Amino acid sequence: MKILALSDQVVERVYTLASNGHFQDVELILGCGDMPYPYLEYLVTMLNVPMYYVPGNHDPRSTQSNAEGGSNVDLKVVRLKTFLIGGFGGSIRYRPDGVNQYTQTEAYLRTLVLLPRLILNRMQYGRALDVLISHSPPFGIHDDTDPAHNGLKSLNWLIRIARPRYLFHGHMHFYRQNIASPETTIGITKIMNVYPYKIIEASH
Ligand SMILES: [Zn+2]
């Protein structure tokens, strides 16, 4: 399945590419947080495919605002064709009043919400997840040591127990020229920073 995954930054070129049919064989849009919702809504309208996203630490509370035409899959699992797709929004807490920010402990507690569905999936489909989308990277993988960019340890744990084929995340703005956005493989999971956008041919 061909996936267009995006995070953190509006890329003007994406508008042109979308209107030129460059993404016409894309079957799914995944938003990894911190993008203006009109950007996602534009892409859904242009490509006319399902869109799932998770909120980032600069997005509004899910109860206040959502991207039309898509589904917020924070702490949810959806099934599209044969793919099981889960979401985990937010980042590490670095401001006491920050929205979509969690301490490591709070993030662990959030994973418990996903657990029953992961167990059911394993019983029903023989696997818990195929794709996990998050805003934050896992701890120690593509993350940084400054307070706002520590990865979430709960994501390392989710990778261990759910064993998705892919984890797509954002939050880490990777500016260095001539170096591809980082990809790391842990077990069977390919961890990819999709900032600012990436096309992935996902397989089981
Ligand atoms: Zn962020």
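Every number for a ligand or one of its atoms is a count from 1 in the order of the listing. None of these values were measured; they are calculated from a predicted model. Side chains are part of it too, since the values below use all heavy atoms of this structure and drop only hydrogens, waters and symmetry mates.
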Within the distance-only criterion (no hydrogens, no angle test), does the side chain of [X] pair as donor or acceptor with the backbone N or O of [Y] below 3.5 angstrom?
| X | Y | result |
| --- | --- | --- |
| Asn48 | Thr45 | no |
| Asn72 | Val54 | no |
| Arg93 | Pro96 | yes |
| Glu183 | Met192 | no |

Is the CZ atom of Arg163 crowded by more than 12 outside heavy atoms at less than 6.0 Å?
->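 No.
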Using the side chain to side chain contact (heavy atoms under 4.5 Å, CB included) rule, pick out the option among Trp157, Tyr108, Phe88, Phe139 that qualifies with Leu152.
->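 Only one option passes, and that is Phe88.
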Identify which protein N/O/S atoms are less than 2.8 Å from the Zn ion (ligand 1).
->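 Only Asp34 OD2, Asn57 OD1, His135 NE2, His171 ND1 fall inside 2.8 Å of the Zn ion (ligand 1).
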